[in-house]
Number of protein chains: 2
Amino acid sequence: MNTGELVELGQQLRVDSIRAAAAAGSGHPTSSMSAADLMAVLFARHFRYDFERPDHPGNDRFVLSKGHASPLMYATYKATGAIDDEELLTFRKSGSRLEGHPTPRQLPWVETATGSLGQGLPVGVGIALAGKRLDHADYRVWVLCGDSELAEGSVWEAAEHAAYEHLDNLTLIVDVNRLGQRGPTRHGHDLDAYARRFQAFGWHTVEVDGHDVDAVDRAYGEADSTKGQPTAILARTLKGKGVEAVQDREGLHGKPLPEAEEAIEELGGPRDLRIPVRQPSPAPAPPAGHTGHLDLPRWDKGEEVATRNAFGEALTALGTARGDIVALDGEVGDSTRAEFFAKEHPERYIECYIAEQQMVAAAVGVAARGRTPYASTFAAFLTRAHDFIRMASVSGSGINLVGSHAGVAIGQDGPSQMGLEDLAMMRAVHGSTVLYPCDANQTARLVAAMADLDGIRYLRTSRGESPVVYGPDEEFPVGGSKVLRSSDRDRLTLVAAGVTVPEALAAADALEGEGIAVRVIDLYSVKPVDRETLRTAAEETGCLVTVEDHHPEGGLGDAVLDAFADGRPVPRLVRLAVRNMPGSASPDEQLHAAGIDAESIAAAGRLLVGEAIVA
Amino acid sequence: MNTGELVELGQQLRVDSIRAAAAAGSGHPTSSMSAADLMAVLFARHFRYDFERPDHPGNDRFVLSKGHASPLMYATYKATGAIDDEELLTFRKSGSRLEGHPTPRQLPWVETATGSLGQGLPVGVGIALAGKRLDHADYRVWVLCGDSELAEGSVWEAAEHAAYEHLDNLTLIVDVNRLGQRGPTRHGHDLDAYARRFQAFGWHTVEVDGHDVDAVDRAYGEADSTKGQPTAILARTLKGKGVEAVQDREGLHGKPLPEAEEAIEELGGPRDLRIPVRQPSPAPAPPAGHTGHLDLPRWDKGEEVATRNAFGEALTALGTARGDIVALDGEVGDSTRAEFFAKEHPERYIECYIAEQQMVAAAVGVAARGRTPYASTFAAFLTRAHDFIRMASVSGSGINLVGSHAGVAIGQDGPSQMGLEDLAMMRAVHGSTVLYPCDANQTARLVAAMADLDGIRYLRTSRGESPVVYGPDEEFPVGGSKVLRSSDRDRLTLVAAGVTVPEALAAADALEGEGIAVRVIDLYSVKPVDRETLRTAAEETGCLVTVEDHHPEGGLGDAVLDAFADGRPVPRLVRLAVRNMPGSASPDEQLHAAGIDAESIAAAGRLLVGEAIVA
């Protein structure tokens with residue numbers, strides 16, 4: 001396409017953005033119009049992509065970080081022929097693939113869901129890392145973001161990571177239209193302000209008039225030929241460009257154009273230009289899941305092993321068996337034990353330093369390139385990436401997250417380091433799996449099993465050593481549980497997981513000595529939960545005590561209750577959890593202070609069996 | 001103190017850090033030793049503080065962002081006379097005020113809990129904002145952070161905010177000891193790399209040898225005299241400085257020194273220097289809570305009003321009545337309606353742009369200065385600040401958070417914009433209050449009530465209009481609920497909140513028409529929950545249906561179950577919640593697709609009353 005055609009294409013994308021939003025009665029046409037020329041030049045002259053084969057390993061990758069500009073994305077798809085005009089006008093309607101903000105769940109050309117700002121670049125960095133370090137392919141990653149979202153710290157985590165890894169296959173296009181949702185941005189049209197920041201972080205920068213298609217074309221060419229560092233193109237644009245009534249005006253964010261027909265006329269009316277998208281180069285396919293024999297570590301019953309260690313060893317073994325396994329960590333690999341993997345498979349270990357948002361985003365990025373990532377840090381610090389985990393779920397991304405140092409059992413370090421909200425956070429993620437092993441063999445099996453699940457999978461590990469309860473050949477299906485003690489005389493069921501399993505067993509011993517037979521269930525699969533075993537235990541023993549090293553809300557206790565919310569009779573129950581704000585103390589002191597040690601469990605059991613009221 | 005004394009003081013702080021960690025058997029002495037000279041000079045020559053009056057309004061404020069260097073903090077307290085040597089050696093022991101990471105819960109000189117890295121500067125920015133914009137006092141804010149934590153994006157959100165607001169009362173001291181937990185940082189001792197970044201963000205920078213006390217003294221002086229911008233002091237230091245066996249060596253993070261006695265001897269043995277801390281200047285006290293008559297907005301029953309609008313109006317009225325009210329928003333004030341407050345009280349409105357971590361941190365900062373902050377954004381985007389909310393709770397900070405655009409009821413914008421995990425996140429925060437009003441008058445009352453609560457308080461608002469159910473004089477105690485329909489024939493109780501209240505009422509109408517009398521409870525206080533009313537309803541009607549615009553985990557349904565986890569009999573129940581991943585659709589279509597509209601509620605009610613099994 002020549003200059004004149006590119007200009008026309010930009011106008012077409014504007015017109016179609018306006019038409020889509022008008023048909024929907026909502027959406028963000030003005031945010032689309034500012035970036036229309038940037039998209040026109042990118043897709044017509046630089047982007048290499050086979051729309052028939054979105055899984056082509058040589059495809060360039062495009063991420064629309066400013067996801068609210070979805071009309072522009074869909075108008076571009078129409079111009080490539082990927083969708084037709086009829087579908088374009090289904091925008092935002094029930095059942096349409098063209099959602100308010102793009103997601104890959106139904107659109108194979110979308111790499112990651114966006115709409116929470118400041119996430120496109122971090123995920124783009126993950127894809128670019130995959131291209132450079134894992135795929136060794138020459139595809140490029142293009143991210144289009146807004147200027148407002150540069151206020152998000154996650155953008156600077158990504159900027160830092162990209163420059164450090166010399167990701168010259170990554171280009172960030174910033175649509176500097178100077179207007180946020182509520183009003184002007186901090187820096188308006190001061191492109192230099194943004195350029196200084198990116199340069200300081202080690203990026204190459206280009207400043208350009210975002211409505212001058214030839215200048216934009218040259219900027220993309222400069223990005224393409226820049227070696228050793230990523231490029232940020234800072235494009236001066238006008239929100240609502242091309243329609244006098246809305247151009248560069250405040251108060252029009254996220255609204256269809258008031259006079260759509262006149263606006264379309266002002267832009268020269270509808271067009272039907274077709275973009276001849278460049279084809280990708282051949283590239284090798286990503287590695288298959290199973291490439292070798294899985295030789296998981298094994299421990300003997302009675303050994304004392306921390307589950308975090310078992311995680312590290314199992315992940316290392318899994319990495320040996322499968323070329324698709326990638327590990328990421330937030331500069332605490334010596335604590336999480338991801339370091340074991342790093343030593344054995346350095347080429348598939350991504351050190352994310354202390355930047356948990358970028359770590360999860362990088363996991364989403366490498367998952368988009370066919371890998372199976374395991375991202376680990378302290379359970380407490382995964383809360384830093386909550387919004388990224390939420391959005392990964394919207395994407396339907398398949399990632400494994402591992403949180404170590406769970407609960408008060410870590411001891412002296414105190415509450416800032418204790419994961420006490422992680423089960424609540426991870427359970428509430430749509431379609432998630434939440435696993436919490438109590439011993440080394442169980443951990444190893446679950447680490448291997450989670451690799452093949454869908455969606456967001458979470459494994460919670462513990463800092464301290466704990467006794468090996470299970471033999472190395474025991475199986476632990478996801479959604480299952482283990483009945484560790486059982487008799488037909490049981491008057492009570494204790495439900496525990498992780499560090500509370502040994503406590504529950506000790507409590508059961510104590511109660512047994514007093515003539516109270518007790519069932520003990522190891523609920524290692526917190527979500528999905530083993531409803532059948534819980535229901536049976538409730539029916540046979542009449543009452544339950546749940547015990548967890550977590551705040552009382554959203555964790556194991558709530559997971560157990562989930563088994564009984566089906567309208568059938570519910571057992572009497574008591575939930576033991578961490579209701580205090582811990583300070584520093586030894587692990588045993590902490591468990592006791594929180595009321596989740598063997599002594600506290602036994603006391604609750606006695607009360608419940610005596611039919612006393614506990615609360 | 002002269003140069004020689006400052007050098008000696010630095011050595012004393014090292015020795016006492018080693019002694020504290022040795023007594024505890026854990027802790028981070030090497031991270032303390034690198035910053036000992038920086039602390040010695042700060043407290044002996046620049047910091048103005050009355051240790052007898054930590055609430056003195058003219059006090060400078062110090063934040064130890066690298067909270068793991070707590071031994072250094074406590075050694076400094078000892079040198080000021082605030083604690084004695086005996087207490088120093090209680091470090092990390094059960095019951096001690098000297099926790100593994102500092103918190104203000106027991107130590108009045110600590111401004112905010114730290115230990116999750118990258119949070120000290122953001123909170124420091126909040127305190128400095130209070131000093132400049134609210135207190136109009138000349139106290140200074142000093143933040144000491146590590147180099148590793150500069151990888152956290154939250155640091156750059158803070159850097160951006162501080163420079164934009166010209167916070168020349170803020171000094172960041174970076175202890176560049178080049179070693180993180182696991183190994184070297186990305187930039188090692190390259191001070192220029194950090195200086196470039198801060199300069200690009202608009203900061204003044206000073207590079208200094210962090211062990212040259214005179215140079216450090218001059219750097220602090222330069223920070224003090226720099227006008228119009230904040231200063232970052234980049235100090236080259238050595239981890240474990242002064243003890244050959246550990247100095248500048250890897251693999252020694254977070255461990256007591258192996259040979260403490262020898263190390264103390266190498267440092268010249270214990271000393272007992274006392275720091276003559278400079279006294280603060282007089283300053284006005286922050287405003288009291290109640291400074292005028294509260295004239296809340298009022299609506300008539302039957303009006304259609306969005307609860308987000310009621311929030312905006314009520315907050316504005318509250319701000320008129322109380323000078324301590326401060327509003328913060330993440331550049332969506334036109335959507336959350338915080339903008340109403342901004343127009344009326346611009347001097348107490350802090351625009352945080354799209355930086356939710358910084359927004360919550362700034363709220364914590366102004367709360368530390370005696371204000372009552374309300375920080376608002378979309379409920380979904382509060383997940384971005386989860387770790388900050390968690391740490392605010394560890395601090396015991398009193399802040400109000402308001403999340404708008406809750407649930408699938410927002411309609412077309414799709415899942416990226418829908419708060420569907422916020423109740424789970426906020427309920428799991430220790431000591432939190434979670435409120436979810438269904439109408440405008442209820443919202444206004446709760447906005448006013450939450451101002452006087454302790455801890456983290458959360459209000460969930462809705463995007464769309466809904467009918468006013470309650471009169472303007474109705475009262476809504478926190479921890480209460482409202483029984484909206486009741487008879488002695490009730491065979492079922494529907495428990496709803498927010499947008500599901502009108503749906504539940506419509507379902508009750510439908511069931512009543514079929515001869516099934518139904519009780520309806522508006523559970524506006526999700527935490528604490530009204531156990532008594534729920535228990536009574538359960539006993540009288542036999543079964544419950546909960547219905548919420550939230551994922552099934554951790555929200556309203558779990559809150560209701562909490563009322564029955566006391567060992568007494570539990571009612572049969574069914575929980576309706578958002579179990580699908582929504583796409584784009586109208587609000588009504590969304591509620592129906594999620595199975596939480598009146599029709600779905602009535603269907604569940606019929607099944608439950610018929611004693612059928614639902615799940």
Side-chain angles (χ1 to χ4, degrees), chain A residues 26 92 94 99-101 115-117 148-149 151-154 156-157 164 180-182 186 196-197 200 331-334 353-355 383-384 386-387 390 394 412-416 421 424 427-428 430 551 553-554 558 561 565-567 570 572-575 581 583-585 589 608 613-615, chain B residues 26 92 94 99-101 115-117 148-149 151-154 156-157 164 180-182 186 196-197 200 331-334 353-355 383-384 386-387 390 394 412-416 421 424 427-428 430 551 553-554 558 561 565-567 570 572-575 581 583-585 589 608 613-615:
Chain A
S26 70
R92 285 176 166 250
S94 180
E99 298 187 34
H101 296 76
S116 179
L117 292 169
S148 286
E149 62 182 300
E152 285 285 10
S154 56
W156 301 101
E157 293 183 13
Y164 183 74
Q181 169 176 327
R182 190 202 49 82
R186 281 193 178 113
R196 277 195 302 275
R197 286 160 171 76
E331 220 260 296
V332 288
D334 52 337
Y353 294 89
I354 307 179
T383 57
R384 201 67 159 255
H386 189 167
D387 197 25
R390 182 181 76 85
V394 174
Q412 289 83 354
D413 270 332
S416 65
E421 306 84 359
R427 282 184 65 244
H430 179 74
H551 285 323
E553 300 87 3
D558 283 353
L561 285 169
D566 59 0
V570 180
R572 291 184 303 118
L573 58 91
V574 168
R575 303 195 286 185
M581 174 59 78
S584 284
E589 289 168 334
L608 194 57
I613 291 158
V614 175
Chain B
S26 69
R92 285 176 166 250
S94 181
E99 298 187 34
H101 297 76
S116 179
L117 293 170
S148 286
E149 61 181 299
E152 286 285 8
S154 55
W156 302 100
E157 293 182 12
Y164 182 74
Q181 169 175 326
R182 191 202 48 81
R186 280 191 178 115
R196 277 195 302 274
R197 287 161 171 77
E331 219 260 298
V332 288
D334 52 337
Y353 295 89
I354 307 179
T383 57
R384 200 67 160 255
H386 190 166
D387 196 26
R390 182 181 76 85
V394 174
Q412 288 84 354
D413 270 332
S416 66
E421 306 85 358
R427 282 183 67 242
H430 179 74
H551 286 324
E553 300 86 4
D558 282 353
L561 286 168
D566 59 1
V570 181
R572 291 184 303 118
L573 59 92
V574 167
R575 301 196 286 184
M581 173 59 77
S584 284
E589 288 169 335
L608 194 56
I613 290 159
V614 176

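Throughout, a chain's letter reflects where its sequence line sits, starting with A, and its residues are numbered from 1. All heavy atoms count here, side chains included; hydrogens, waters and symmetry mates do not. No experiment lies behind these values; they were computed from the predicted model shown.
Note that CZ of B:Arg427 is 5.5 Å distant from CG of A:Asp558, once rounded to the nearest 0.5 Å. The distance from the CD atom of B:Glu99 to the CD atom of A:Gln412 is 12.0 Å, given to the nearest 0.5 Å.
By number of non-hydrogen pairs under 4.5 angstrom with chain B, the leading residue of A:Gly180, A:Gly554, A:Ala151 is A:Ala151. Considering only heavy-atom pairs separated by less than 4.5 Å from chain B, the leading option among A:Gly100, A:Ser94, A:Ser26, A:Ala585 is A:Ser94. For the set A:Ala355, A:Gly583, A:Ser584, the entry with the most heavy-atom pairs within less than 4.5 Å of chain B is A:Ser584. Among the candidates A:Ala428, A:Ala424, A:Ser148, the residue making the largest number of heavy-atom pairs closer than 4.5 Å to chain B is A:Ala428. Comparing A:Arg197, A:Arg196, A:Glu157 by heavy-atom pairs within less than 4.5 Å of chain B, the highest count is held by A:Arg197. Comparing B:Glu149, B:Glu152, B:His551 by heavy-atom pairs within less than 4.5 Å of chain A, the highest count is held by B:Glu152.
Looking at B:Glu331, the atoms closer than 4.5 Å to chain A (heavy atoms on both sides) sit in the backbone and in the side chain alike.
Below 30°, between 30° and 60°, or above 60°: for A:Tyr164 and A:Tyr353 the angle between ring planes is above 60°, a perpendicular geometry.
With contacts defined as side-chain heavy-atom distances shorter than 4.5 Å, the pair A:Ser154/B:Arg384 qualifies. The shortest side-chain heavy-atom distance between A:Arg390 and A:Ser116 falls under the 4.5 Å cut-off.
With salt bridges taken as basic N to acidic carboxylate O contacts below 4.0 Å, one links A:Arg92 and B:Asp413.
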